Visitor: 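Input: one structure, supplied below.
In what follows, every heavy atom counts, from backbone to side chain, and hydrogens, waters and symmetry copies are set aside. In this chain, residues are counted from 1 in sequence order. Small disclaimer: the values here were computed from a predicted structure and weren't measured.
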Amino acid sequence: MALSFLDKKHSIAPPGYSRWLIPPAALCVHLCIGQAYAFSVFNLPMTKLLGITQSTPDDWKLTDLGWIFSLGIFFLGVSAALLGRWVEEGGPRQAMFTAALCWSGGFVLSAIGVYIHNLWVIYFGYGILGGFGLGIGYISPVSTLIKWFPDRPGMATGMAIMGFGGGAMIASPLSVWLMSVFSTPTHIGVAKTFVVLGLIYAFFMLVGSAIVRVPAPGWKPEGYVPPKQAGKLITVNDVYVYQALKTPQFWLIWWVLCLNVTAGIGVLGQASAMSQEMFPGRVTAVAAGGFVGLLSLFNMAGRFFWASTSDLIGRKNTYFVFFVLGFVLYALVPYFGGHGNLPLFILCFLIIISMYGGGFSTVPAYLKDMFGTRYVGAIHGWLITAWSAAGVFGPVLVNYIRQYQIDSGVPKAQAYNVTMYIMAGLLVIGFIANFLIRAVDDRHHMALETVDEAVGVA
C-alpha cells in the first residue's frame with residue numbers, strides 16, 4: 001500500500017543515524033500548530049466582518065469568538081488523551097501526517113465559515129477538526145525525542161515543544177500582513193488568510209512527517225549508561241498508562257499543569273485586545289500584534305530554557321519557581337497597568353509567559369521521571385486534558401470577568417485587574433499540589449511482562 005510509508009516499521013532509523021536530525025522534524029509540526037497562540041490577532045477583525053470599519057449588531061461578539069480558541073485547546077486535550085496510545089504504537093510519522101490533514105483542513109473549513117458568516121462552522125473547523133490536529137501533532141514527537149535523548153530528557157522535550165510556543169512569533173505578523181494584503185472595502189481578508197495559512201502549514205507538517213525517525217530497539221547514545229537505581233523522584237521502572245491514571249502522582253501533576261496553564265492561557269488568548277484596552281492610544285493594533293509575537297518568542301525560549309534547567313535542578317523545584325515567581329508577577333501587573341508603566345507591564349508578562357511555556361516542556365520529563373519511559377507518550381496524552389480544562393477556564397475567566405467589570409462601569413483599562421489577582425491565587429494552589437508530589441509506590445511498577453499482559457493487570 002502507498003500509505004505503508006507511514007508505518008512505524010518504515011521509519012526506524014538506520015545505524016549511524018544522527019539524533020540531531022529529529023528536532024527539525026518536530027519543529028516542522030510544532031511551529032505550525034503553535035499558530036494557536038496567535039489566534040487573538042483575528043479576534044477584533046472578526047468582530048467587524050460585516051461592518052468592516054466598526055462592529056454592527058449582526059457582527060460576532062468578542063466573548064463568542066473567544067470560544068474558538070477554547071474549543072481548539074479543549075479538543076487538543078481530548079484527542080491527545082483518546083489517541084495517545086495510537087500515536088505511541090503507530091509511530092510519529094503516521095501521527096504527524098494525520099495532524100497535518102486535520103490542522104490544515106480546519107483552516108480551510110473556517111475560511112468557509114467566515115465567508116458564509118456562520119460561527120458554528122468555524123467552531124467545528126478550527127475548534128474541533130483543528131483541535132484534533134493540535135492534539136495529535138503536539139504529542140507526536142515528544143515520546144520520540146525522549147527516546148532519542150534519554151541522557152537529557154528535559155532538553156529533549158524543550159526542543160520539541162519550544163516550536164509550539166514560537167509558532168505565534170511567525171503566525172502573528174504573517175496573519176496581520178496577509179489580512180492587509182487581502183482586505184478590500186467590502187472584505188477584511190480573514191477568509192483568504194485562513195486558506196493561505198492552511199496550505200502553508202500542510203506543506204511544512206508533511207515535510208516533518210517525511211523526515212522523522214524512531215530509534216532502533218535497544219539503541220542508546222554513545223557513552224550513555226542507563227541508571228540502575230532510582231533517584232528520589234526518578235524511577236528506573238515503568239508504569240503502564242492506565243495504571244498511572246490510578247496514582248495520586250498523576251492527578252497532582254494534572255493539577256500542577258492545569259493551574260499553571262490557566263494562569264497564562266487566558267492572557268495569551270486575549271493578549272492583543274488586552275494590551276490595546278489597558279493602554280488605549282499607546283498600543284495600536286500593529287503594536288499589539290508585535291506584543292503577541294514577543295510573547296511567542298519568550299514562550300518558545302522559556303520552553304527550552306526552563307526544561308533544560310529542570311535537568312539540573314529537578315522538575316519539582318522548577319515548578320516551585322514557576323508558582324512563587326508567577327504569584328509575585330501577577331500581583332504586580334495591575335499596579336504597573338494602573339500607573340501606565342508599559343515597559344514593566346510587558347516585562348512581567350514576558351517572564352510569566354516564559355514560565356507558562358516552560359511548564360509545558362518540563363511536564364513530559366516530569367512524567368518520565370515518575371512513570372518511566374515506556375508509556376510516557378500515552379500518559380502525556382492523558383495529562384494534556386489538564387490543558388483542555390485550562391483552555392476553557394482561562395479565557396472564560398478573562399473574557400467574562402472583563403465583560404462583567406465593564407457592565408458594572410469599570411473602565412476597560414482596569415477591567416482585567418480582578419482577573420490578575422485570581423490568577424495569582426490559582427498559582428498558590430498549584431504550589432501546594434506540587435509540594436505534595438512524592439515518588440510512585442512500587443506496587444504500580446510493571447514487571448517484565450508484555451504489553452498484552454500489562455493490560456490484564458492494569
Visitor: We want to know whether Arg315 and Ser310 form a side-chain donor-acceptor pair, criterion being a heavy-atom distance below 3.5 angstrom.
Guide: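 Yes.
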Visitor: Measuring from atom OG of Ser354 to atom CZ of Phe349, what distance do you get when rounded to the nearest 0.5 angstrom?
Guide: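 Answer for the OG-CZ pair, Ser354 versus Phe349, is 13.0 Å.
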Visitor: May I ask you to test the His380-Ser143 pair for a side-chain heavy-atom distance under 4.5 Å?
Guide: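 Sidechains of Ser143 and His380: no contact.
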Visitor: Hey, are the side chains of Pro364 and Ile161 touching, using non-hydrogen atoms and a 4.5 Å cut-off?
Guide: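 Contact flag for Pro364/Ile161 side chains = yes.
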Visitor: Is there a donor-acceptor pair under 3.5 Å between the side chain of Tyr319 and the backbone N or O of Gly359?
Guide: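 Here the side-chain-to-backbone pair exists.
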Visitor: Do side-chain atoms of Asp238 reach the backbone of Thr373 as a donor and acceptor pair under 3.5 angstrom?
Guide: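 Judged by distance alone, yes, a pair lies under 3.5 Å.
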Visitor: If you compare all heavy atoms of Pro92 against all heavy atoms of Thr144, which two are closest, and at what distance to 0.1 Å?
Guide: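 So the two residues come closest at CG-OG1, 3.4 Å.
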Visitor: Show me the side-chain donor-acceptor pairs of residues 420-431 shorter than 3.5 Å, one per line, residues at least two apart or across chains.
Guide:
none

Visitor: Does the side chain of Tyr366 come within less than 4.5 Å of Lys316's, by heavy atoms?
Guide: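 The answer is yes, as the side chains (C-beta and beyond) meet within the 4.5 Å cut-off.
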Visitor: Is it true that a side-chain atom of Asn434 and a backbone atom of Val256 form a donor plus acceptor pair closer than 3.5 Å?
Guide: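 The answer is no, because no donor-acceptor pair under 3.5 Å joins these two groups.
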Visitor: Can you tell me how far apart CD1 (Ile128) and SG (Cys102) are? Round to the nearest 0.5 Å.
Guide: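 Rounded to the nearest 0.5 Å, the CD1-SG separation comes to 12.0 Å.
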Visitor: To the closest 0.5 Å, what do you measure between CG (Leu62) and CG (Asn43)?
Guide: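 Taking CG in Leu62 and CG in Asn43, the distance rounds to 5.5 Å.
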Visitor: Are side-chain heavy atoms of Phe360 and Leu257 found at a separation under 4.5 Å?
Guide: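 Of all side-chain heavy-atom pairs linking Leu257 with Phe360, at least one is under 4.5 Å.
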Visitor: If you take all heavy atoms of Leu145 and Ala26, which pair is closest and at what distance?
Guide: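 Smallest interatomic distance, heavy atoms only, reads CD1-CB, 4.0 Å.
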Visitor: Using side chain to side chain contact (heavy atoms under 4.5 Å, CB included), reason through Val440 and Thr235 one step at a time and then give a plain yes or no.
Guide: CA-CA 8 Å; Val440 174; Thr235 184; over 6 Å; no
Visitor: For this output row, return yes or no: ring centroids of Phe149 and Trp20 closer than 6.0 angstrom.
Guide: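 Distance test on ring centres: under 6.0 Å, yes.
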Visitor: Are Phe164 and Leu134 packed together at the side-chain level, in the sense that at least one heavy-atom pair is separated by less than 4.5 angstrom?
Guide: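 Sidechains of Leu134 and Phe164: in contact.
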Visitor: Evaluate the side-chain proximity of Phe132 to Thr98: yes if any heavy-atom separation is below 4.5 Å, no if none is.
Guide: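 Contact flag for Thr98/Phe132 side chains = no.
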Visitor: Given Phe322 and Leu259, is the side chain to side chain contact (heavy atoms under 4.5 Å, CB included) satisfied, shown in steps?
Guide: CA-CA 11 Å; Phe322 294 162; Leu259 293 167; over 6 Å; no
Visitor: State, yes or no, whether a side-chain contact exists between Phe42 and Thr193 at a heavy-atom distance under 4.5 Å.
Guide: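 Side-chain contact under 4.5 Å: yes.
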Visitor: Does the side chain to side chain contact (heavy atoms under 4.5 Å, CB included) test come out yes or no for Asn237 and Met446, once each step is laid out?
Guide: CA-CA 7 Å; Asn237 300 99; Met446 293 176 61; over 6 Å; no
Visitor: How far apart are the closest heavy atoms of Ser140 and Val87, and which atoms are they?
Guide: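 Answer, listing the atom of Ser140 first, then Val87: CA-CG1, 3.8 Å.
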Visitor: Where do Phe371 and Phe250 come nearest, in terms of heavy atoms and distance?
Guide: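 Looking at all heavy atoms of both residues, the shortest contact is CZ-N, 3.7 Å.
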Visitor: Report the distance from atom NZ of Lys147 to atom NZ of Lys368, rounding to the nearest 0.5 Å.
Guide: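 The NZ atom of Lys147 sits 11.5 Å away from the NZ atom of Lys368.
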Visitor: More than 12 foreign heavy atoms under 6.0 Å from CZ of Phe327: is that the case here?
Guide: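 Open: at most 12 neighbouring heavy atoms sit under 6.0 Å from CZ of Phe327.
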Visitor: Return the OG to CG distance between Ser104 and Leu129, rounded to the nearest 0.5 Å.
Guide: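 The CG atom of Leu129 is 8.0 Å from OG of Ser104, to the nearest 0.5 Å.
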Visitor: Should the ring pair Tyr240 and Tyr375 be called parallel, tilted or perpendicular, given that the plane angle runs from 0 to 90° and is split at 30 and 60?
Guide: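 Plane angle over 60°, so perpendicular.
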Visitor: Does any part of the side chain of Arg303, heavy atoms only, come nearer than 4.5 Å to the side chain of Tyr356, both counted from C-beta?
Guide: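 In short, these two side chains touch, coming nearer than 4.5 Å.
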Visitor: Short question: side chain of Thr157, backbone of Ser361 - any donor-acceptor pair under 3.5 Å?
Guide: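 Checked: pair present.
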Visitor: Measuring from atom CG of Asn317 to atom OG1 of Thr362, what distance do you get when rounded to the nearest 0.5 angstrom?
Guide: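 The OG1 atom of Thr362 is 11.5 Å from CG of Asn317, to the nearest 0.5 Å.
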Visitor: Extract all donor-acceptor atom pairs below 3.5 Å that involve side chains of residues 194-221 and protein atoms in other chains or at least two apart in sequence.
Guide:
residue	atom	partner	partner atom	Å
Ser209	OG	Leu206	O	2.7
Arg213	NH1	Ala210	O	3.3
Arg213	NH1	Ile211	O	3.4

Visitor: Report yes or no: does Ser79 contribute a side-chain atom to a donor-acceptor pair with the main-chain N or O of Leu76 at less than 3.5 Å?
Guide: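 Here the side-chain-to-backbone pair exists.
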Visitor: Indicate yes or no for a side-chain donor-acceptor contact from Gln249 to the backbone of Arg438 under 3.5 Å, with no hydrogens or angles considered.
Guide: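 Checked: pair present.
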Visitor: Counting only heavy atoms from other residues, nucleotides and ligands, does the tally under 6.0 Å from CH2 of Trp86 exceed 12?
Guide: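 Yes, because the 6.0 Å sphere around CH2 of Trp86 holds more than 12 heavy atoms from other groups.
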Visitor: Mind listing the closest non-hydrogen atom pair of Asn299 and Gly357 along with its distance?
Guide: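 In this case the closest contact between Asn299 and Gly357 is OD1-CA, 3.2 Å.
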Visitor: Without hydrogens or angle criteria, can the side chains of Thr385 and Trp254 be said to hold a donor-acceptor pair below 3.5 Å?
Guide: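 Yes, side-chain donor-acceptor contact under 3.5 Å.
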Visitor: Minimum heavy-atom separation for Ala439 to Met370, with atom names?
Guide: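 Looking at all heavy atoms of both residues, the closest pair is CA-CE, 4.0 Å.
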Visitor: Give the ring-plane orientation class for Phe39 versus Tyr126, where under 30° counts as parallel, over 60° as perpendicular and anything between as tilted.
Guide: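 Phe39 vs Tyr126 ring planes: tilted.
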